[in-house]
Number of protein chains: 2
Amino acid sequence: MAEITIKYLAEKLKMAPSTVSRALNDSYEISQPTKDKVLKLARELNYQPNPYARSLREHKSKTIAVIIPERINNFFSQVIDGIEDVTQQHGFHLLMYNTHEDIQLERKIISYLLNGRVDAIVMSVSSQTSEIDHLETVFSKGLPIIFFDRICPQIPTTQYITNDYESGFKATEHLITRGCSKILFLLLSKEISIGVERLRGYRDALKAHKIVFEDSWIVQCCHEEQDNVEKISMLLQSPQRADGILASVEKLAIATYRAVNKQKLSMPKDIKLVSFSNMKIADLLCPSLTTISQPAYEIGKECAIQLMKKLSRKTQPDLESVTKTFPSIINIRESSGG
Amino acid sequence: MAEITIKYLAEKLKMAPSTVSRALNDSYEISQPTKDKVLKLARELNYQPNPYARSLREHKSKTIAVIIPERINNFFSQVIDGIEDVTQQHGFHLLMYNTHEDIQLERKIISYLLNGRVDAIVMSVSSQTSEIDHLETVFSKGLPIIFFDRICPQIPTTQYITNDYESGFKATEHLITRGCSKILFLLLSKEISIGVERLRGYRDALKAHKIVFEDSWIVQCCHEEQDNVEKISMLLQSPQRADGILASVEKLAIATYRAVNKQKLSMPKDIKLVSFSNMKIADLLCPSLTTISQPAYEIGKECAIQLMKKLSRKTQPDLESVTKTFPSIINIRESSGG
DNA sequence: CTGAAAGCGCTTACAG
DNA sequence: CTGAAAGCGCTTACAG
């Protein structure tokens with residue numbers, strides 16, 4: 001790969017490299033004829049600047065890291081599409097990392113990003129993230145970071161969530177109006193921010209409807225589908241089983257379907273289900289799934305817009321320390337009784 | 001962000017930068033005591049080498065570009081998980097690009113990668129990709145490139161596919177044994193490689209079973225769900241409508257479900273469906289979907305393994321010009337009559 | 001075993 | 001308007 005460099009162009013054109021560089025960057029200091037000559041040759045030879053030389057010199061990389069806890073997930077895919085659509089227009093590149101919900105991996109990934117590899121980070125923390133010193137390091141180093149969905153309220157930066165408390169409340173209320181009185185809340189173990197808010201909404205809805213809450217209704221699940229199916233199956237075969245389930249995450253709704261089938265129960269007759277989910281085919285499931293869906297693409301776009309705004313300014317003002325809320329939508333379908 | 005550099009460490013330690021660099025890289029030329037001192041301080045100050053300085057110097061970036069035509073797609077997500085799991089172990093980073101099935105965007109993305117930004121490319125081409133000069137440029141520049149699924153046979157490099165001909169044949173045969181005699185083949189417009197192979201298998205299966213093929217059975221769809229639903233609906237309301245559908249891509253199966261519902265037809269009674277799809281919840285659809293699923297994660301892993309093998313060698317032998325085939329699995333469910 | 005020097009490909013302050 | 005020089009943070013061939 002014999003690369004075309006500025007030096008090479010300069011030789012061919014019998015100019016100084018500095019002149020070529022300035023012409024390429026359309027500097028006001030360079031005459032039009034010179035610019036024309038340089039551009040012409042650059043195009044002919046398909047000159048592409050070496051991004052790393054530029055990054056080293058400029059101390060910026062024009063790349064952004066996106067860190068998510070799970071890749072096979074419509075919500076995150078949609079968020080990333082939103083991010084990419086914006087950053088691409090600004091000539092930014094996206095470095096992508098999946099933590100697999102593993103805090104150790106998350107720390108390691110963060111450590112790779114600490115020396116100029118990226119100009120900013122957009123991130124949804126893993127469900128294991130309770131200690132946050134690695135995230136504090138990012139912030140204290142001055143590396144811009146934005147959180148979405150699974151946020152980190154302790155870090156004073158811009159964060160995007162949806163109205164999780166309200167959605168949890170409404171979803172629970174919906175189940176209650178459909179006749180449920182024993183409602184299980186499924187969540188991932190130790191899940192932060194979103195789980196907490198959704199849970200609060202759920203509990204307050206129960207309280208508002210004078211349903212006496214039992215501790216056993218909060219069910220900590222894991223990331224292994226088979227384990228979750230078995231756990232939920234067990235719960236469903238108990239004599240005083242629940243009549244409603246609120247799944248705080250899509251994968252737990254899937255596990256519920258499997259458990260219901262396994263126990264040969266009928267949904268929504270025996271058990272009703274609502275889940276947070278951005279699945280596009282929720283309406284094609286058997287029975288169709290009542291979902292609370294988040295405006296994922298818009299969230300991604302907004303993250304990127306804020307970042308682009310910050311990074312494009314000469315004097316980069318700090319990202320505002322604020323948590324912005326997008327509205328989720330509840331789509332009532334058969335799984336909850338329609 | 002005041003960065004810790006080698007120069008800074010060298011000053012603190014009263015050594016030369018070259019010594020520090022060598023100690024950090026565990027060079028045999030450096031004494032153990034010196035290494036210990038350097039490593040100690042580096043750890044204390046949490047030194048992270050500047051990746052771009054190193055890339056510029058070494059002419060390698062330790063990053064790989066992954067280019068896919070669509071992000072909200074289980075198949076691609078699984079492939080990428082496979083790629084990442086391997087590359088991460090080798091300290092490589094992943095730059096990710098979604099072409100949205102747009103050849104112009106694909107060309108643009110490729111052009112960004114031509115000057116050392118990445119050490120290699122893993123790619124699935126867009127369905128619009130008929131001209132391939134941009135891919136030829138990549139190859140001729142000596143930038144390693146591997147294709148998967150939607151491959152580019154004209155480029156002499158390693159390519160990964162599944163047994164698409166065979167799967168198309170078997171899927172068609174399956175529909176025939178379930179009583180279908182008018183089988184529609186849905187494909188994305190001008191789709192390359194995979195579409196072609198699957199289509200060949202389909203046609204040969206018809207021929208083998210002495211079914212006289214009609215041109216109108218090959219239906220070119222697009223990327224707009226609504227348009228596809230309408231097109232398929234139209235076809236389904238014709239008096240001599242098909243009794244079987246083979247969807248070469250998951251999104252066309254989804255559109256078929258919607259069209260069937262819209263026309264108030266019943267699947268599998270009125271119409272039977274088989275689709276290529278890596279959807280994990282195909283069994284939960286109404287009716288459950290008969291799928292041909294590809295070993296996506298394994299394909300991703302294999303792409304990455306080949307690349308790592310190549311890139312880790314001092315003398316990098318060319319990627320073998322060979323097309324390797326992974327076996328897909330047919331999962332028979334209700335949509336095709338069980 | 002350690003150090004001084006050159007250079008990767010850029011950009012920009014400084015001269016002229 | 002153009003050029004020579006320095007420097008971004010590394011690594012390595014060359015000395016000693």
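Every chain is numbered from 1, with letters handed out A, B, ... down the list of sequences. In this text the structure is predicted, and so the values were computed from the model without any measurement.
- The interatomic distance linking A/Lys7 (NZ) with C/dA6 (P) rounds to 14 Å, in whole Å.
- The residue among B/Ile30 and A/Ile6 whose nearest nucleotide of DNA chain C lies closer to the 5′ end is B/Ile30.
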Got a list of protein N/O to nucleotides 13-16 of chain C N/O distances below 3.5 Å?
{"unit_1": "C/dA13", "atom_1": "N6", "unit_2": "A/Arg22", "atom_2": "NH1", "d": "2.7"}
{"unit_1": "C/dA13", "atom_1": "N6", "unit_2": "A/Arg22", "atom_2": "NH2", "d": "3.3"}

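- Across all strands, B/Thr5 comes closer than 4.0 Å only to sugar-phosphate atoms, never to a base (heavy-atom distances).
- Summarising the geometry, the separation between CD on A/Gln32 and P on D/dT2 is reported as 11 Å, rounded to the nearest angstrom.
- Interface residues of residues 34-56 of chain B facing DNA chain C, ordered by number: B/Thr34, B/Leu56; criterion, heavy-atom separation under 4.0 Å.
- Between A/Leu13 atom CG and D/dG3 atom C1' there is a gap of 15 Å when expressed in whole angstrom units.
- B/Ser31 comes within contact range of the sugar-phosphate backbone alone, with a heavy-atom separation under 4.0 Å but no base atom that close.
- A donor-acceptor contact shorter than 3.5 Å links the side chain of A/Ser77 to the backbone of A/Asn73.
- A straight line from CG of A/Asn25 to C1' of C/dC10 spans 9 Å, rounded to a whole angstrom.
- As rounded to whole Å, 15 Å separates atom C1' of D/dC10 from atom NZ of B/Lys62.
- In terms of the salt bridge (charged side-chain N to carboxylate O under 4.0 Å, His left out) criterion, residue partners of B/Lys35 (sequence neighbours excluded) are, by chain and number, B/Asp26.
- Taking all atoms of both residues into account, the shortest heavy-atom contact from A/Ala53 to A/Asn50 is N-OD1, 2.9 Å.
- Between B/Phe139 and B/Pro156 the shortest heavy-atom distance is CE1-O, 3.3 Å.
- Taking every heavy atom of both residues into account, B/Ile121 and B/Leu307 meet most closely at O-CD2, 4.5 Å.
- Side-chain atoms of B/Ser21 do not come within 3.5 Å of backbone N or O of B/Pro17 as any donor-acceptor pair.
- Residues satisfying the side chain to side chain donor-acceptor pair (under 3.5 Å) test with A/His90, not counting sequence neighbours, are none.
- Here C/dT2 presents its P atom at 16 Å from NZ of B/Lys14, a figure rounded to the nearest Å.
- Taking the six-membered ring where tryptophan is involved, the planes of A/Phe75 and A/Phe148 are tilted, since the angle between them lies from 30° to 60°.
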Worksheet item: What would the secondary structure line of DNA chain C be in dot-bracket form, counting Watson-Crick and G-U wobble pairs under 3.5 Å, with [ ] for pairs that cross earlier ones and | for pairs with another strand?
Response: |||.||||||||.|||
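- Whole-Å rounding puts the B/Glu11 CD to D/dG9 P distance at 12 Å.
- Salt bridge present: B/Glu44 and B/Lys40 bring a charged side-chain N and a carboxylate O closer than 4.0 Å.
- Rounded to whole Å, the distance from CG on B/Leu24 to C1' on D/dG9 is 12 Å.
- Comparing D/dT12, C/dG9, C/dG3 against the side chain of B/His59 picks out C/dG9 as the nearest.
- A pairwise comparison of heavy atoms in A/Val86 and A/Lys301 identifies CG2-CG, 3.6 Å as the closest pair.
- Residues forming a salt bridge (charged side-chain N to carboxylate O under 4.0 Å, His left out) with B/Glu29 (at least two apart in sequence, or on another chain): B/Arg22.
- The minimum heavy-atom distance between A/Asp133 and A/Arg107, with the atom names listed, is OD2-NH2, 2.5 Å.
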